[in-house]
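As the structure is a prediction and not an experimental result, all values here were calculated from the model. Numbering of ligands and ligand atoms starts at 1, following listing order.
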Amino acid sequence: MCGIFAYAGSENAVPLLIDGLRSVEYRGYDSAGISVIDESGSIQTVKRGDHKSSLENLAEAVSSGKLSGQVGIGHTRWATHGVVNQKNSHPHSSSDGTVSIAHNGIIENFLELKDELIDSGIEFKSETDSEVLAHLIGNAVESGSSLREAVIGAASRIRGNTAVVAVSAAEPGIAVGLRVGNAGGIVIGKNDSAAVMASDTIALLPYINEVIYLEPGEVVEIERGVIRLFNLEGSVIERESVVTAQNFEAAQKGNHPHFMSKEIAEQPEAIQGALRGRADFAAGTLDIPEITLTRDQIKSIDRIILTGMGTAYNTALYGASVIESLARIPATAQNSSELRYSNPVLNSNTLVIAVTQSGETADTLAAMEHARQAGSPVGVVVEFEGSQATRIADFTLPVRAGQEIGVASTKTMIASMTTLLQLAVSLGQIRGILDADRVKQIVGQLAELPSLVATTLELDGEITPLAERLATFGDLLYLGRGDQVPIALEGALKMKELAYIHPEGNPAGEMKHGMNALLGSDMATIVCAPKNGLYEKMLSNISEVKARGGEVAAIVTEGDDVVERIADHMIQVPDSPEILQPFMTLIPMQILAYRTALALGRDPDKPRNLAKTVTVE
Ligand code: F6R
C-alpha cells in the first residue's frame with residue numbers, strides 16, 4: 001500500500017524526497033506529498049491528490065527550488081479512509097503545524113481516537129484515519145515529550161498494523177519511524193552525510209547497499225549519518241546492517257515503455273534465476289539447499305497448504321497441482337485472507353507454503369503466523385529476501401526474478417512457478433516417488449524452459465490484433481482444465497486489473513453449471529487448450545461456446561490444425577513437454593492483458609485503485 005520515505009542529512013531534502021517517492025510510488029499513487037523543516041525551523045508541507053499524476057504535479061510544484069530543508073518526510077498514498085483529494089493526502093500535521101507525519105497502514109480504532117481528540121477541541125482537516133496520529137504525536141510533543149517518546153506513546157494508543165514516519169519542528173535534525181505489526185516494512189540506511197528510511201529498499205539504494213530492517217514493535221530515530229533503534233519501552237536496540245542484493249539499475253524501466261513490458265520480457269532470465277543453484281543440468285539432478293526441513297520431517301508431511309493472494313494465490317493453485325501430481329502429497333491452495341478464519345486443521349505434519357512477491361502482504365503474513373502458531377512448518381516462496389515473510393518462515397525459497405515494479409505480477413509469477421515445480425520434484429525425490437531417471441528427465445526439460453519462454457514472447461505481434469478485438473467486449477470468459485485452471489484464472493485477473501474489462505475465470509467443466517447462461521455474441525471466451533490429456537475435453541468446451549454464438553480465442557500448441565476449424569482466433573505456443581505447458585500459456589495471457597489495456601488507453605503500470613504491496617487486510 002502507501003509508500004513512505006524520510007531523509008535527514010546535509011543536502012536539500014526536497015529533490016531527494018521526490019526521488020525517494022518515485023521509487024516507492026508503485027505502492028500507491030492516489031496522492032503524493034512531502035514535509036520539510038525549512039531554514040527557519042518551520043515545517044512546510046506540499047501535497048497533491050490528483051490520482052496518478054500526483055507525484056508529477058508535486059515534483060512540478062517544488063521544482064522552483066524555493067522550498068528547501070535538510071530533514072523531511074514524504075508519502076505516496078493508496079487511499080483507505082477518505083476519498084482521493086488534496087486534503088486527505090499525506091503528510092498530515094498537528095493542529096499547530098509543528099509535527100508532521102506520513103502513514104502506511106490502518107488505525108482500526110481511529111473513530112474512537114478521533115472522537116476523543118475532537119472532544120478535547122482538536123479540529124480535523126481530513127477524513128483519514130492517519131490524522132489521529134498527527135494529533136496524538138503533536139499533543140505529546142506540545143506537552144514536552146521528545147518526538148521519539150511521542151511516537152512511542154501514540155503506538156500504545158492505536159490498534160492495527162501501522163508504519164509511520166514523523167518530523168517535529170522542536171527537533172529539526174531528526175526524523176522518527178515506527179513499525180507496529182505488518183503494515184509494510186521500514187528499511188533504514190545511512191552514509192556519512194545522511195540517513196534515510198523508506199517502505200522499500202529500492203528507495204535507499206542510491207545512498208547505500210547496507211540496510212537495517214525495522215521489526216514490528218520498534219522505533220527508529222535518524223539523523224545525519226546516525227541511526228538509533230529502540231523498542232516500545234524506549235530501550236536501545238543494537239542491530240547490524242545487512243547487505244542487500246537489490247540493484248537500483250535493475251529497477252529502472254530502461255528502453256521499455258512500461259515496467260510491465262520490461263518485466264514480461266525479462267521472464268527467461270527470471271526463470272534462470274529460479275533454477276540457479278538448484279537444477280544441475282550437466283548431472284541431471286536437482287537439490288533445493290534452502291529447504292531446512294530434515295528428510296524425516298519431509299517424509300512425515302501428510303498435507304501441504306499453499307497460500308497467497310491474487311496472482312500469488314493463482315501461483316499457489318499451480319503449486320498445489322504440481323506438488324500433488326509429482327510428489328503425491330495431498331496439496332491444496334487457500335486464499336490467505338481466509339486461511340486463519342477457516343479454522344483449518346494444522347499440525348506439525350502440515351506444511352504451509354506461502355507465495356508472495358513482496359513478502360509483505362498483510363493477509364499472507366497473517367496466514368503464515370497463524371500456521372506457525374498452530375505448530376506447522378512454514379516455508380515461503382518469495383522475491384524480496386529481506387521481507388517480513390522471510391522472518392516468519394522456517395525456510396525461504398527465493399525466486400530471484402529481480403525486482404518487479406509493475407503493479408501486475410508477471411516475472412515473479414513465472415519464477416515462483418519454476419520454484420514450486422522444483423520443490424515438487426525435490427519432495428517427490430526425497431519421498432521416493434520420483435526416481436533418478438524421472439528427475440533427470442524433468443531437469444532436462446527445465447533446461448529448455450528459458451528458451452521456450454523466450455520463443456513464446458515473440459508472439460507479441462500476433463497477440464496485439466486479438467487484444468484490440470477483446471478490447472471491444474465488456475465481458476470475457478477464461479477457461480482451462482487441470483494445470484491450466486490457474487492460468488485461466490490468472491488471465492482473467494490480469495485482464496480485469498489492467499484493462500478493467502469484466503472477466504470470469506473458470507475450470508472449463510464448470511461452465512455448464514451456470515456460466516453458459518451468459519454465453520452469446522457479447523462475451524468472448526479465451527480458452528487454454530494445449531495438446532495434453534484434456535485437449536479433447538477442451539475442444540468440446542470450445543464447440544459449446546460456438547454453438548451459443550460466442551467468439552472464441554484459443555491458446556493452443558503449435559501445429560494444432562483442429563482448433564482453427566472451430567475457434568475464431570488462435571495463438572499457437574511452442575510445443576513443450578506437458579509439465580511446462582502452464583508456462584507456455586501464461587505468457588500470452590500476460591501479453592493479452594497488457595495489449596488490451598493499451599488498446600483501451602489504460603496505464604498498465606498504474607491500474608486504478610490498486611497498489612503493488614497490499615499491507616492492509
Ligand atoms: C496481480 C498482483 C496481485 C499480487 C497480490 C499479492 O497482478 O500482482 O494480485 O499478486 O497482491 O502480492 P504479493 O505477491 O506481494 O504477496
Check: How would you list, by chain and number, every residue that makes a side chain to side chain donor-acceptor pair (under 3.5 Å) with Lys494, sequence neighbours excluded?
Finding: Thr311, Glu490, Glu497
Item checked: Minimum-distance protein heavy atom relative to atom 15 (O) of ligand 1 -> Ser358 OG, 2.6 Å
Checklist line | For Lys494, atoms of ligand 1 separated by under 4.0 Å from a heavy atom | finding: 1 (C), 7 (O)
Margin query: Can you tell me how far apart OG1 (Thr412) and CZ (Phe384) are? Round to the nearest 0.5 Å.
Written below: 10.0 Å
Notebook entry, point to check: Of all the non-hydrogen atoms in the protein, which one sits nearest to atom 11 (O) of ligand 1, and at what distance?
Noted result: Val614 CG2, 4.0 Å
Margin query: Going by salt bridge (charged side-chain N to carboxylate O under 4.0 Å, His left out), name the pairs with one or both residues in residues 352-374, residues two or more places apart or in two chains.
Written below: Arg179-Glu360, Arg340-Asp363, Arg372-Asp394
Check: Parallel, tilted or perpendicular for His90 and His75, by the 30°/60° rule?
Finding: parallel
Next item on the list: Just need the protein heavy atom nearest to atom 7 (O) of ligand 1, so name the residue and atom and give the distance.
Entry: Glu497 OE2, 2.4 Å
Notebook entry, point to check: Atom CG of Asp30 and atom SG of Cys2: how far apart are they, to the nearest 0.5 Å?
Noted result: 8.0 Å
Check: Quick one: nearest non-hydrogen protein atom to atom 2 (C) of ligand 1, plus distance?
Finding: Thr311 OG1, 3.6 Å
Notebook entry, point to check: Which of the atoms in ligand 1, numbered in the order shown and given with their element, are less than 4.0 Å from a heavy-atom of Gly310?
Noted result: 9 (O)
Item checked: Residue, atom name and distance, where the atom is the protein heavy atom closest to atom 14 (O) of ligand 1 -> Gln357 N, 2.6 Å
Next item on the list: Output the list of atoms in ligand 1 that are nearer than 4.0 Å to some heavy atom of Ala312, sorted by atom number.
Entry: 10 (O), 14 (O)
Check: Looking only at protein heavy atoms, which one is nearest to atom 6 (C) of ligand 1, and how far off is it?
Finding: Met309 O, 3.2 Å
Next item on the list: Using distance alone, with no hydrogens and no angle criterion, decide if Thr244 and Glu210 have a side-chain donor and acceptor under 3.5 Å apart.
Entry: no
Next item on the list: Distance to 0.1 Å, residue and atom name: give those for the protein heavy atom nearest to atom 16 (O) of ligand 1.
Entry: Thr361 OG1, 2.5 Å
